[in-house]
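Beneath this line is the structure, given in structure tokens, with notes to follow.
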2 protein chains.
Amino acid sequence: MTDTLKRNLTPQKLEKAAYILKTVAHPIRLGIINLLDEHEQLSVNQICEYLKCEQSLLSHHLTNMKIKGLLKADKQGVQVFYSLKEKDLIKLLDCMENCNCNM
Amino acid sequence: MTDTLKRNLTPQKLEKAAYILKTVAHPIRLGIINLLDEHEQLSVNQICEYLKCEQSLLSHHLTNMKIKGLLKADKQGVQVFYSLKEKDLIKLLDCMENCNCNM
DNA sequence: CAAATATATGAATATATTATCATATAAACA
DNA sequence: TGTTTATATGATAATATATTCATATATTTG
């Protein structure tokens, strides 16, 4: 036995982790994830109001997060209800909430 | 009693979390954190070799991470040894390693 | 002191991300 | 059908981040 590495992070894994972090590293997106952890599903308008975010900007974020597989969208009439597809993201939120970084 | 929220993420907390995530959401930076979790301290050159990263680029990243309080630097002669100042970041790495996001 | 080595810095560039605005689409309803 | 409401889209502009390159600085050593 030689190496006793704590984890095995290959360059590909680092890339992937960075990619995930990057798509989440924005206050609006964290806000969306947080809300959808607490609410199961919400319409665009509801999220708008909670986050006090302009409709079009929010829509861009939602669309992007959907494309990347983070969120699900369910159209009901005029409304579109979004929900969390990638539940693992909640762990990240918890991790960040408990993070006492002095930065 | 009214709300039973899972966490209390104020706009400020979301901002801060996003800020931290952003400064870490890069393969080189994740690589640095991972290495410095496993090694206590490493010189710029050593990190360079491990990560196969060009000296100047690495230096920029290290400097930036130092400024933001993530890393410590200890100059010994010509060499500068970097180490992890913000140990909480390790939790984030672990979180990411266990994250099975299908993105 | 000159040369070699390790690291940092700054400017320029390249690239990516975010925000804004105007407009499109589609459903609901009077 | 015309109007209202909810959401999406695309182009542009604004801003931030990453990379490269040339060079500076500081330390060590012959």
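By convention in this document, chain letters (A, B, ...) are assigned in the order of the sequence lines, proteins followed by strands, and residues within each chain are numbered from 1. Everything quoted here is computed from the prediction, not taken from an experiment.
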Student check: side-chain heavy atoms of [X] and [Y] closer than 4.5 Å:
X: B:Glu86; Y: A:Asn102; answer: yes
X: B:Val80; Y: B:Lys75; answer: yes
X: A:Lys6; Y: B:Asp94; answer: no
X: B:Ile28; Y: A:Leu14; answer: no

Between the protein and nucleotides 25-28 of chain D, which nitrogen or oxygen pairs are less than 3.5 angstrom apart?
none

Nearest-Å distance, [atom1] ([X]) to [atom2] ([N])?
X: A:Leu71; N: D:dA8; atom1: CG; atom2: P; value: 11 Å
X: A:Tyr82; N: D:dA6; atom1: OH; atom2: C1'; value: 11 Å
X: A:Lys66; N: D:dT7; atom1: NZ; atom2: C1'; value: 11 Å
X: B:Leu42; N: C:dA6; atom1: CG; atom2: P; value: 15 Å
X: B:Asp74; N: C:dT7; atom1: CG; atom2: P; value: 12 Å
X: B:Asn64; N: C:dT9; atom1: CG; atom2: P; value: 12 Å
X: B:Asn45; N: C:dA8; atom1: CG; atom2: P; value: 10 Å
X: B:Leu62; N: C:dT7; atom1: CG; atom2: P; value: 10 Å

Have a look at [X] and say if it touches a base, only the backbone sugar-phosphate, or nothing, with a 4.0 Å heavy-atom cut-off.
X: A:Thr63; result: sugar-phosphate
X: B:Phe81; result: nothing
X: A:Gln55; result: base
X: A:Ser43; result: sugar-phosphate

If you measure from the Lys or Arg side-chain nitrogens to the Asp or Glu carboxylate oxygens, is any gap between B:Lys91 and B:Asp88 under 4.0 Å?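 So B:Lys91 pairs with B:Asp88 through a salt bridge.
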
Rounded distance [0.5 Å steps], CD1 in A:Ile20 versus CG in A:Leu70: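 A:Ile20 atom CD1 to A:Leu70 atom CG measures 8.5 Å (nearest 0.5 Å).
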
Roughly how far apart are A:Lys22 NZ and A:Arg29 CZ, rounded to 0.5 Å?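 A:Lys22 NZ to A:Arg29 CZ: 12.0 Å, rounded to 0.5 Å.
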
Short side-chain to backbone donor-acceptor contact, B:Gln46 and B:Ser43, under 3.5 Å: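 Side chain of B:Gln46 to backbone of B:Ser43: a pair is present.
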
Do the side chain of A:Lys16 and the main chain of B:Cys101 share a donor and acceptor less than 3.5 angstrom apart?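 Confirmed, A:Lys16 side chain pairs with B:Cys101 backbone.
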
What I want to check is whether an N or O donor and acceptor connect the side chain of A:Ser56 with the base of D:dT7 at under 3.5 Å.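 No such pair is found, so the answer is no.
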
Would you tabulate the nitrogen or oxygen pairs shorter than 3.5 Å linking the protein to nucleotides 16-19 of chain C?
from	atom 1	to	atom 2	distance (Å)
C:dT18	O3'	A:His26	NE2	3.4
C:dA19	OP2	A:His26	NE2	3.2
C:dA19	OP2	A:His61	NE2	3.2

